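A quick note: this is a predicted structure, and the numbers were derived from the prediction, not measured.
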Amino acid sequence: KQWYQRRVRGRTVKEQGPRDYIWFLFANIEKESEFVRKQPIKIKEMIRMVKHWRNGILWKDQFHRPSSLLLSLLVIGAHEGLVKEGISNLLITPESLLHRLTDMIQRKQEVRLEWGTFYNETTRSMFPMKKCPVVRNPANPSD
């Protein structure tokens, strides 16, 4: 854990050597997976559904195909948005979650999703992202 925190604080992980950078990437993947794994079952089911949709589309190229992490974070953000609006977790249906997700995507210039799960506000402020849309990686504030 301390190694990971030192690497997050160190803005130039790539400059510290390729070996450190590779370990940092593995630590990120582990933290990203943990973040998604801790979500409620109904969110994980929606993430699977959205990924299934993504996999059924013939994308222009890999650059235009949304990553699994991005789709997961958008679904988690949509759920959190509904909860912040005062909708009980018990009343959130797959339909309402999908509606919120599509609404977020249509208004992408207003999207700002950030989590401080594995780093704090001080670390996040080292990597300012002022212009929307922002979907900040919960494991890496610079990503």
Side-chain angles (χ1 to χ4, degrees), residues 1-14 16 19-143:
K1 184 176 178 177
Q2 289 176 344
W3 182 89
Y4 174 79
Q5 290 172 342
R6 283 196 317 270
R7 293 304 179 252
V8 168
R9 281 194 301 269
R11 294 180 82 164
T12 57
V13 176
K14 285 184 183 179
Q16 294 174 13
R19 185 173 169 199
D20 278 350
Y21 184 63
I22 288 169
W23 283 109
F24 181 71
L25 291 177
F26 284 129
N28 273 355
I29 291 168
E30 183 181 314
K31 298 287 185 188
E32 291 163 0
S33 297
E34 180 182 338
F35 181 76
V36 174
R37 193 172 40 252
K38 287 185 175 182
Q39 301 302 316
I41 299 246
K42 73 166 123 186
I43 294 175
K44 290 190 273 191
E45 288 173 353
M46 179 59 71
I47 290 170
R48 282 187 208 101
M49 186 179 85
V50 171
K51 287 180 185 178
H52 180 75
W53 163 81
R54 186 242 358 238
N55 293 339
I57 302 287
L58 291 175
W59 298 93
K60 181 178 178 182
D61 53 40
Q62 283 299 105
F63 176 76
H64 289 88
R65 182 180 187 261
S67 71
S68 292
L69 178 61
L70 175 61
L71 292 175
S72 299
L73 296 178
L74 287 171
V75 170
I76 293 166
H79 180 267
E80 288 179 357
L82 290 170
V83 171
K84 284 179 186 174
E85 289 177 2
I87 300 173
S88 167
N89 203 14
L90 297 171
L91 298 176
I92 296 175
T93 63
E95 293 81 13
S96 64
L97 191 54
L98 191 57
H99 185 307
R100 175 64 179 231
L101 178 62
T102 55
D103 185 53
M104 281 174 50
I105 293 169
Q106 288 172 352
R107 296 182 306 121
K108 65 183 176 207
Q109 299 309 321
E110 301 169 23
V111 172
R112 179 171 285 279
L113 300 173
E114 299 181 276
W115 296 270
T117 309
F118 299 110
Y119 49 86
N120 59 31
E121 186 59 40
T122 305
T123 306
R124 183 181 10 219
S125 67
M126 292 170 53
F127 306 95
M129 294 183 178
K130 295 180 176 132
K131 189 176 178 185
C132 287
V134 171
V135 180
R136 195 183 294 257
N137 186 324
N140 180 359
S142 66
D143 191 7

Salt bridge between Lys38 and Glu34, side-chain N to carboxylate O under 4.0 Å?
yes
Arg112: what forms a salt bridge (charged side-chain N to carboxylate O under 4.0 Å, His left out) with it, not counting sequence neighbours?
Glu114
Within the structure provided, determine whether Val50 and Met46 are in side-chain contact (heavy-atom separation under 4.5 Å).
yes
Is a donor on one side and an acceptor on the other found under 3.5 Å between the side chain of Ser72 and the backbone of Ser68?
yes
For Ile57, does the CD1 atom sit with more than 12 other heavy atoms under 6.0 Å from it, leaving out its own atoms?
yes
Rounded to the nearest 0.5 Å, how far does CD1 of Ile47 lie from NE2 of His52?
15.5 Å
Which atoms form the tightest heavy-atom contact between Arg100 and Gly81, and what is the distance?
NH2-CA, 3.5 Å
When rounded to the nearest 0.5 angstrom, what distance separates CG in Leu97 from CD in Glu95?
10.0 Å
Would you say Ser96 and Leu82 make side-chain contact, with heavy atoms under 4.5 Å?
yes
Is a side-chain N or O of Asp61 found less than 3.5 angstrom from the main chain of His64, in a donor-acceptor match?
yes
Closest approach of Ile87 to Ile92 (non-hydrogen atoms, all atoms of both residues):
CG2-CG1, 3.7 Å
If you look at every heavy atom in Met104 and Val111, which pair is closest and at what distance?
O-CG2, 3.4 Å
Test item: Trp59 side-chain N/O and Pro66 main-chain N/O as donor-acceptor pair under 3.5 Å
no
Give a yes or no answer on whether the side chain of Lys42 reaches the backbone of Thr93 with a donor-acceptor pair at less than 3.5 Å.
no
Holding to side chain to side chain contact (heavy atoms under 4.5 Å, CB included), I want the full list of residues that pass it with Asn55, two or more places apart in sequence or in another chain.
Arg65
Between Leu73 and Leu113 the two heavy atoms that sit nearest each other are O-CD1, 3.8 Å
Please report the shortest heavy-atom distance between Gln39 and Ile76, naming the atom on each side.
CG-CD1, 3.6 Å
